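None of these values were measured; they are calculated from a predicted model. Just the heavy atoms: all of them, side chains too, but no hydrogens, waters or symmetry mates, feed the values below.
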There are 2 protein chains.
Amino acid sequence: MEQLRQTLKVHHLRTTTCREDVLSTFINKKNALSHGDLEGALGENYDRVTIYRTLKTFLEKGIIHKVLDDEGLRYALCSHSCSEEKHQHDHIHFKCNACGETNCLENQHIPAVQLPQGYKPENFNLLIQGTCPKCNN
Amino acid sequence: MEQLRQTLKVHHLRTTTCREDVLSTFINKKNALSHGDLEGALGENYDRVTIYRTLKTFLEKGIIHKVLDDEGLRYALCSHSCSEEKHQHDHIHFKCNACGETNCLENQHIPAVQLPQGYKPENFNLLIQGTCPKCNN
DNA sequence: CTTTCATTTGCAACGGTGTTGCAGTATTTA
DNA sequence: TAAATACTGCAACACCGTTGCAAATGAAAG
Ligand SMILES: [Mn+2]
Ligand SMILES: [Mn+2]
Ligand SMILES: [Zn+2]
Ligand SMILES: [Zn+2]
C-alpha cells in the first residue's frame, strides 16, 4: 500500500485512488489485463475514460507494457524498472487457449533472430498460444 | 484474374466481385492490411460489413492469416497453402516505425524457444518493430 | 436459357473501443 | 491555508466488430 505510493512517486505521478486501485489490480491478478478487465473490476468506482488515461500514463512512465493479442490489446506490469526514456522488454508472452489468460514469462527470453540486410530491429514481441500448465492435464 | 477465381474455387467459395477485389488488393499491395485499409481501398464499392465477412471467411478458409500489432489487427496472405484444417505459420512479421508498413518475412523463421514444464505451445507470433530497408538510410 | 436453391450482400442496429474538450475537483507545494 | 497544477467525470465523437433479416446474386440442374 505504501509501496504503491512509492511507485507512483518515483514516476512523478500524483497519488490518486484510481491509480492506486489500477496498480494494485495489476499486482493482485498476475496476468495481463485488458481495459475491459479493469473496467469490470473498477468500473463502479471510476469513469471509463479515467481508466484509459491511467493506462496511457502508466504506459508512458514505464509502469506497464503492452501485450499483443489476437483479439485485443492487454497490459502487464513491467517487472524490471522501465522508465519514460527506456522501455525495453525481451520476455515471452503466453496465452492459454483454454482459460484465456495471458502471462508474462519473465525468465524466457526471445531468442536472437537473423534479419535480412537493411532491417534495423528495435523492439520484439513474441506471443505464444497454447495450453498453460493449469489447463494441461 | 483467372488465378483469383481458381483460389476461391479451391476453397469452395463462390466467385463474387467483393472477394475478387479483396483478394487482388492483398496481392497488389504486398504488405499486411487492416480492415480500415481495405475499406479505404474498396469502401466505395462494398459495404463495411461485407468486407468484414470476407476477411472472416478468408481467415477460416486459410487464405489469409492474422498479423498481430500493437495498434490494431492486420491481415496478410498465407503464401503456403493453408487450409481450413491446418493453419500454420512460423515466419516473422516486421513493422516499420517510420513508414508504418507491416510485412511478412516469409523466409525468416521464428527460432525454437524453451518453455517451462507444462506449457504446450501451439502457435507462434513474433512481431519485430524497427526501421525497414526502404526507410533506413 | 430459365428456374430453383443455397449463398452472399446491404442495411439497420447495437455494444465495445479509444480519444478529445472542458469544467469542476483533488493533490501538491510553499 | 491558499495558489498552482494535475487529475477526473461527463458529454460527445469516430471507429471497430458483430448480428438479424430481407433482397440480390451465383451455381447447378432442367
Ligand atoms: Mn510482459
Ligand atoms: Mn505473415
Ligand atoms: Zn490456461
Ligand atoms: Zn519503412
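- At whole-Å resolution of the value, CG in B:Leu55 and C1' in D:dT18 are 13 Å apart.
- In this structure, A:Leu73 places its CG atom 10 Å from P of C:dT19, rounding to the nearest Å.
- Side chain A:Arg48 to base C:dG18: a donor-acceptor pair is found below 3.5 Å.
- Heavy-atom nearest nucleotides on DNA chain D were determined for B:Thr17 and for B:Ser34, and the one closer to the 5' end corresponds to B:Ser34.
- To the nearest angstrom, C1' of D:dC15 lies 9 Å from CD of B:Glu39.
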Yes or no on side chain to side chain donor-acceptor pair (under 3.5 Å) for B:His89 and B:His109, after CA distance, side-chain angles and deciding distance?
-> CA-CA 9 Å; B:His89 296 274; B:His109 300 280; over 6 Å; no

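- The distance from atom CG of A:Asp37 to atom P of C:dG18 is 12 Å, rounded to the nearest whole Å.
- Between A:Thr16 and D:dT8 there is a side-chain N or O to OP1 or OP2 distance below 4.0 Å.
- Between the C1' atom of D:dC7 and the CZ atom of A:Phe58 lies a distance of 12 Å, rounded to the nearest Å.
- Listed nucleotides: C:dG10, C:dT19, D:dA27. Nearest to the side chain of B:Thr15: D:dA27.
- DNA chain C is contacted by both B:Ile51 and B:Arg14; B:Arg14 maps to the nucleotide lying nearer its 5′ end (nearest heavy atom per residue).
- Taking the six-membered ring where the residue is Trp, A:Phe94 and B:Tyr119 present perpendicular rings, their angle passing 60° and hence far from 30°.
- A ring-centre distance under 6.0 Å is not found for B:Tyr75 and B:His65.
- Using a 4.0 Å heavy-atom criterion, one finds that B:Arg19 contacts the sugar-phosphate atoms exclusively.
- Judged by atom type and distance alone, A:Arg53 does not reach the base of C:dG18 through any side-chain donor-acceptor pair under 3.5 Å.
- For the pair A:Thr54 and A:Val49, both in contact range of DNA chain D, the more 5′-proximal nearest nucleotide belongs to A:Thr54.
- Judged by distance alone, with hydrogens and angles left aside, the side-chain atoms of B:Asn136 form no donor-acceptor pair with the main-chain N or O of B:Pro133 at under 3.5 Å.
- No contact: A:Thr57 has no heavy atom under 4.0 Å from any strand.
- The distance from atom OH of A:Tyr52 to atom C1' of D:dC7 is 19 Å, rounded to the nearest whole Å.
- For the pair B:Leu8 CG and C:dT7 C1', the interatomic distance rounds to 14 Å; values are reported in whole Å.
- Note: NZ (A:Lys9) to P (D:dA6) measures 16 Å, nearest angstrom.
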Passes side chain to side chain donor-acceptor pair (under 3.5 Å), A:Thr17 versus A:Tyr46? Steps please.
-> CA-CA 9 Å; A:Thr17 55; A:Tyr46 308 106; 3.2 Å; yes

